[in-house]
Number of protein chains: 2
Amino acid sequence: MRLSDTIESFIKELLGASEEDGVELKRNELAEYFQCAPSQINYVLSTRFTPDHGYMIESRRGGGGCIRIIHVERKQGDYLDYLIRERVGLSLADKDAQLLLRQLVESSTISREDGLMIAAALSPQALAVPVPETVKCALRARIMRSMLLNIARRNQRTKQPAPTALIRIEHHEV
Amino acid sequence: MRLSDTIESFIKELLGASEEDGVELKRNELAEYFQCAPSQINYVLSTRFTPDHGYMIESRRGGGGCIRIIHVERKQGDYLDYLIRERVGLSLADKDAQLLLRQLVESSTISREDGLMIAAALSPQALAVPVPETVKCALRARIMRSMLLNIARRNQRTKQPAPTALIRIEHHEV
DNA sequence: AAGACTGACTATCTTTGACTATCTAAGTAT
DNA sequence: ATACTTAGATAGTCAAAGATAGTCAGTCTT
């Protein structure tokens, strides 16, 4: 078994054992424990604990610093989960983003308020920085996923599970 | 727990227990109590009790000198306005964004949910596209402004600038 | 070729201590 | 009395040291 896989399972065990929906760990301690370079931890995090995997990472440097990993439960057949993992993809044109948002609000997958918040974050004015359109598309996709994940997490916290279920498996390139 | 965090909570407890909206303390006594260098107190004040955090500091040197910490209450609408117009500016470092969000939630200017949504949109993971940091700073400012503006509009629509419960969020929970 | 792994370099946050600035009070000179 | 001086008591500043985590390009493995 590869080291990365071992570390991955270890972290997932920690998450499973935790009361909360997240765990805190010290990068250096973990690296010490597994006898590897500290940057190996970053590698594991960036390849196996990404937003599309349903994880959020927060960290602090300096004395007393640490890494926090938050897991958002994915339920089978959860539409939000499908969106984050597949539908949004790596690139999202402005037009597609608006279309998607409208669908999500109309199908009550997300609230109107949340839809407006996402729209605000993705608005052309917000993204009016001098970068190629391809980069903006990547950005839209990332921001969209990150915000949807946050909504999923909130749903999980409030124990008020997904408003809808309906999975429509459409093709997913945007 | 970091010493700075401990001292921060201690001071906030004092503030909470106080009848006034401020407390007075002796730098050296505090330092003695926490067994640290007096300048540590200055560090805590300058990183956690700034105007952005909603605090004002006054002090007197010499015999009988002391430090006074005052918590400033702000009107929601005005504060949001100020943020949108002045504070956010054209550029916003990651650190500043987090600081700002934390203060906004602590002062109930925005709800915890909105704070988390903005944090999700501004998270390093969401902005992980290959552009210079200067561009990211510009982007953060724009997204932040756009989302705050959306909140302000929503408040106006509902005519009910409803705050939320006072929730103390943890350090990088924002 | 793709994924796993590493190490040097960088960025950020905390803590400390030496040095500086300011204030009060008491003492001294006029 | 009034002005000046000085000692002691505070607080402020800043840069260095320490403690973490992040990045990235190159190497190794499969």
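Values below: every heavy atom of this structure, side chains too, minus hydrogens, waters and symmetry copies. A, B, ... follow the sequence lines: proteins, then strands. Residue 1 opens every chain. Computed from a predicted structure; not experimentally measured.
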Return the value, rounded to whole Å, for the distance between atom [atom1] of [X] and atom [atom2] of [N].
X: B:R2; N: C:dT15; atom1: CZ; atom2: C1'; result: 13 Å
X: B:I67; N: D:dA9; atom1: CD1; atom2: P; result: 18 Å
X: B:I7; N: C:dT15; atom1: CD1; atom2: P; result: 7 Å
X: B:E8; N: C:dT15; atom1: CD; atom2: P; result: 12 Å
X: B:R68; N: D:dA11; atom1: CZ; atom2: P; result: 13 Å
X: B:L3; N: C:dC13; atom1: CG; atom2: P; result: 18 Å
X: B:R61; N: C:dT24; atom1: CZ; atom2: P; result: 13 Å
X: A:D5; N: D:dT30; atom1: CG; atom2: P; result: 13 Å

> Does any residue of residues 23-45 of chain B have a heavy atom under 4.0 Å from DNA chain C, and if so, which ones, in number order?
Replying inline: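 Residues of residues 23-45 of chain B that come under 4.0 Å of DNA chain C are, in numerical order, B:C36, B:A37, B:S39, B:Q40, B:Y43.
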>> By the 4.0 Å heavy-atom rule, please label A:G65 as base, sugar-phosphate, or nothing.
In response: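 Result for A:G65 = sugar-phosphate.
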Nearest 0.5 Å, please: how far is [atom2] in [Y] from [atom1] in [X]?
X: A:Q98; Y: A:S123; atom1: CD; atom2: OG; result: 9.5 Å
X: B:L148; Y: B:I118; atom1: CG; atom2: CD1; result: 4.5 Å
X: B:E106; Y: B:H53; atom1: CD; atom2: NE2; result: 7.0 Å

> Within 45 degrees of the axis of the six-membered ring of A:F49 and under 6.0 Å from its centre: does A:K12 put its NZ or CZ there?
Replying inline: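 Judged by the rule (NZ or CZ under 6.0 Å from the ring centre, within 45° of its axis), A:K12 counts as positioned above A:F49.
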In terms of side-chain geometry, is the basic nitrogen of [X] or [Y] positioned less than 4.0 Å from the acidic oxygen of its partner?
X: A:E133; Y: A:R140; result: yes
X: A:D94; Y: A:K136; result: no
X: A:E20; Y: A:R153; result: no
X: B:R154; Y: B:D114; result: yes

Should [X] be listed as having a side-chain N or O under 4.0 Å from OP1 or OP2 of [N]?
X: B:R48; N: C:dT14; value: yes
X: A:S4; N: C:dC5; value: yes
X: B:S59; N: D:dG12; value: yes

> How large an angle, rounded to 10°, do the end axes of the helix from C:dA1-D:dT30 to C:dT30-D:dA1 enclose when each is built from five base pairs?
Replying inline: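 One end axis against the other gives 10°.
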>> Quick check: do A:I7 and A:C36 have side-chain heavy atoms less than 4.5 Å from each other?
In response: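 They are in side-chain contact.
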